[in-house]
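Here is the structure we will look at, set down as structure tokens.
Numbers restart at 1 for each chain; the letters A, B, ... are given by sequence-line order, proteins then strands.
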Protein chains: 2
Amino acid sequence: MAKQPRSRRERPSKPALSREGIIVAALALFHEEGLAKVTMRRVAAVLDTGPASLYVYISDTEDLHAEILDALLAGIAEPSSPDDWHERLKGTLRSYMAVLFEHPELARMAMSTMPSGPNYLALVETILALLKEGGVPDGQAAWAVDLLLLFATAQAAEKAAWKASARSPSDFSSLAKIIETADAETLPNIARLGADLLSGRGDRLGWGFDVLINGILETRRMETKS
Amino acid sequence: MAKQPRSRRERPSKPALSREGIIVAALALFHEEGLAKVTMRRVAAVLDTGPASLYVYISDTEDLHAEILDALLAGIAEPSSPDDWHERLKGTLRSYMAVLFEHPELARMAMSTMPSGPNYLALVETILALLKEGGVPDGQAAWAVDLLLLFATAQAAEKAAWKASARSPSDFSSLAKIIETADAETLPNIARLGADLLSGRGDRLGWGFDVLINGILETRRMETKS
DNA sequence: ACCTGAACACCGTTCAAGT
DNA sequence: ACCTGAACACCGTTCAAGT
């Protein structure tokens with residue numbers, strides 16, 4: 001059982017560490033096992049070193065995760081298809097959401113880690129350009145990007161929860177039961193609307209985008225008189 | 001060093017476990033040390049037992065956290081002050097957000113744990129009543145509650161991030177730097193708007209609510225022609 | 001049925017020491 | 001400067017065994 005002094009290059013010379021290398025390893029891990037497994041320890045193990053070594057290049061676990069999101073955002077391009085800027089904007093948002101939808105855990109993360117990677121910035125730029133095309137004044141546009149991206153991200157994070165969670169079926173049906181059983185005395189409006197509160201009949205997401213866009217077009221920035 | 005057989009009632013008879021008792025203990029821990037410390041192990045320790053014992057009453061760590069949010073939501077009442085339903089709705093949403101703002105970690109949690117506690121339900125009921133008062137058709141109202149609460153929660157979760165995180169100052173200023181340094185060639189719109197993208201000058205939150213409310217009032221549910 | 005000790009399988013981050 | 005082993009201080013959840 002004497003410990004074999006492992007030959008100096010069991011793997012063809014361990015490549016030097018670098019931020020990029022770490023991110024590549026993290027990305028691979030992410031695609032194979034999901035965000036939950038992208039931990040400092042696991043990434044370090046893949047790179048055949050200890051977790052402490054990563055801290056030279058990565059400040060945080062969050063830092064690592066944010067880098068993964070930005071990498072996935074590379075696929076988003078401005079749709080040039082319809083002439084209507086309104087529809088093109090919705091298309092852009094939907095394609096951003098598609099990424100988050102495919103990887104629900106990232107939506108949660110994006111909710112709390114103000115992204116600032118190059119691909120995210122490109123997305124912001126695209127949206128600003130579309131708003132400008134739609135004649136939205138600059139002051140409003142600046143706030144509107146935020147609102148639109150917040151909505152898209154939050155919507156994805158919400159769906160993410162009840163898709164990924166094992167408790168979801170019971171959660172959802174128990175919620176449905178609560179709503180259907182809602183006491184008409186104390187919760188008349190919930191009782192009246194019933195299942196409609198939960199249903200996604202119709203294009204609920206599209207309606208949400210329309211609400212936002214219509215609202216943005218018609219709400220002056222400084223008119224707050226309250 | 002013989003182990004003293006501890007007298008049978010060192011504490012005046014350990015109270016029997018119960019879901020309520022566990023939640024009370026969790027709530028105390030939450031107020032003293034924050035959500036991060038509300039773990040199965042810590043709560044069990046407070047109750048002078050092992051973590052395994054809690055699983056008879058609590059299904060999950062998430063279950064525990066959701067219960068904490070609902071407890072905090074007890075304080076939200078419908079404001080009866082202004083006659084304008086529009087303003088009353090904004091007031092209700094702001095008071096919901098105030099809770100999340102005070103306890104930022106909970107906003108993140110609410111993002112991914114579809115709440116269904118009695119106090120949350122009461123909040124939904126209040127909002128539905130206000131929308132009805134405002135003449136919003138039922139079909140739209142059902143979706144609108146969701147949209148409004150999603151926005152409020154997401155907004156709180158977002159602020160939560162850069163308030164709670166130690167990295168926030170560097171994060172924020174680095175983002176600001178990126179935006180100010182934005183290449184006018186590749187990111188013309190970001191470069192043009194600059195600091196306006198980040199600034200909260202003016203009532204940004206209020207503007208968001210107005211956008212939503214205006215949009216809700218003007219966007220028919222089935223008009224999606226795309 | 002309820003409760004528990006102990007174990008399984010992990011975490012993030014820091015630090016002193018090496019190269 | 002960069003890299004590392006080892007340690008510190010934790011986690012959630014399950015399971016076999018007890019009462």
Any carboxylate oxygen within less than 4.0 angstrom of a Lys/Arg side-chain nitrogen, looking at D196(B) and R204(B)? no

Rounded to whole Å, NE2 of H65(A) lies from P of dC11(C) at a distance of 11 Å

Test: R94(A) and D203(A) ion pair at under 4.0 Å: yes

Whole angstroms only, please: what is the CD1-P distance between I22(A) and dG12(C)? 14 Å

Nucleotide nearest Y55(B) (side chain, heavy atoms from C-beta), chosen from dC11(C), dG12(D), dC2(C): dG12(D)

Side-chain touch M97(A)/Q155(A), heavy atoms, less than 4.5 angstrom: yes

How would DNA chain D look in dot-bracket form, 5' to 3', counting Watson-Crick and G-U wobble pairs with both distances under 3.5 Å and writing | for bases paired to another strand? ||.|||||...|||||.||

Which whole number of Å gives the distance between the P atom of dC10(C) and that of dA9(D)? 23 Å

Would K37(A) and E32(A) pass as an ion pair if we require N to O under 4.0 Å? no

Of the nucleotides dC2(C), dC11(C), dG5(C), which one has an atom closest to the side chain of V56(B)? dC2(C)

Rounded to whole angstroms, how far apart are CG on L35(B) and P on dC11(D)? 13 Å

Contact nearer the 5' end of DNA chain C, comparing L17(B) with R41(B): L17(B)

Would you mind reading off the distance between L54(A) atom CG and dT13(C) atom C1', rounded to a whole angstrom? 11 Å

Nearest-Å distance, CG (L64(A)) to C1' (dC11(C))? 14 Å

Ignoring the backbone of M40(A), work out which of dG12(D), dG12(C), dC3(D) is nearest its side chain. dG12(C)

dC2(C), dC15(D), dT14(C): which one has an atom nearest the side-chain heavy atoms of A52(A)? dT14(C)

Which nucleotide wins on minimum distance to the side chain of S53(A), given the candidates dT13(C), dC3(D), dG12(D)? dC3(D)

In whole angstrom, give the distance that lies between atom CG of D60(B) and atom C1' of dC11(D). 14 Å

Does some side-chain heavy atom of Y55(B) sit less than 4.5 Å from a side-chain heavy atom of M40(B)? yes

Between CD1 of I58(B) and P of dC2(C) the distance, given in whole Å, is 14 Å

For Y57(A) and for P51(A), locate the closest nucleotide of DNA chain D by heavy-atom distance; then report the residue assigned to the nucleotide nearer the 5' terminus. Y57(A)

Look at the side chain of T49(B) and decide which nucleotide, out of dC3(D), dT13(D), dT4(C), has an atom nearest to it. dT4(C)

For R42(B) and dC11(D), what is the distance between atoms CZ and C1' respectively, to the nearest whole Å? 12 Å

Under 4.0 Å between a side-chain nitrogen and a carboxylate oxygen: does that hold for R19(A) and E67(A)? yes

Determine whether F151(B) and L93(B) make a side-chain contact, defined as any pair of heavy atoms from C-beta on separated by less than 4.5 Å. no

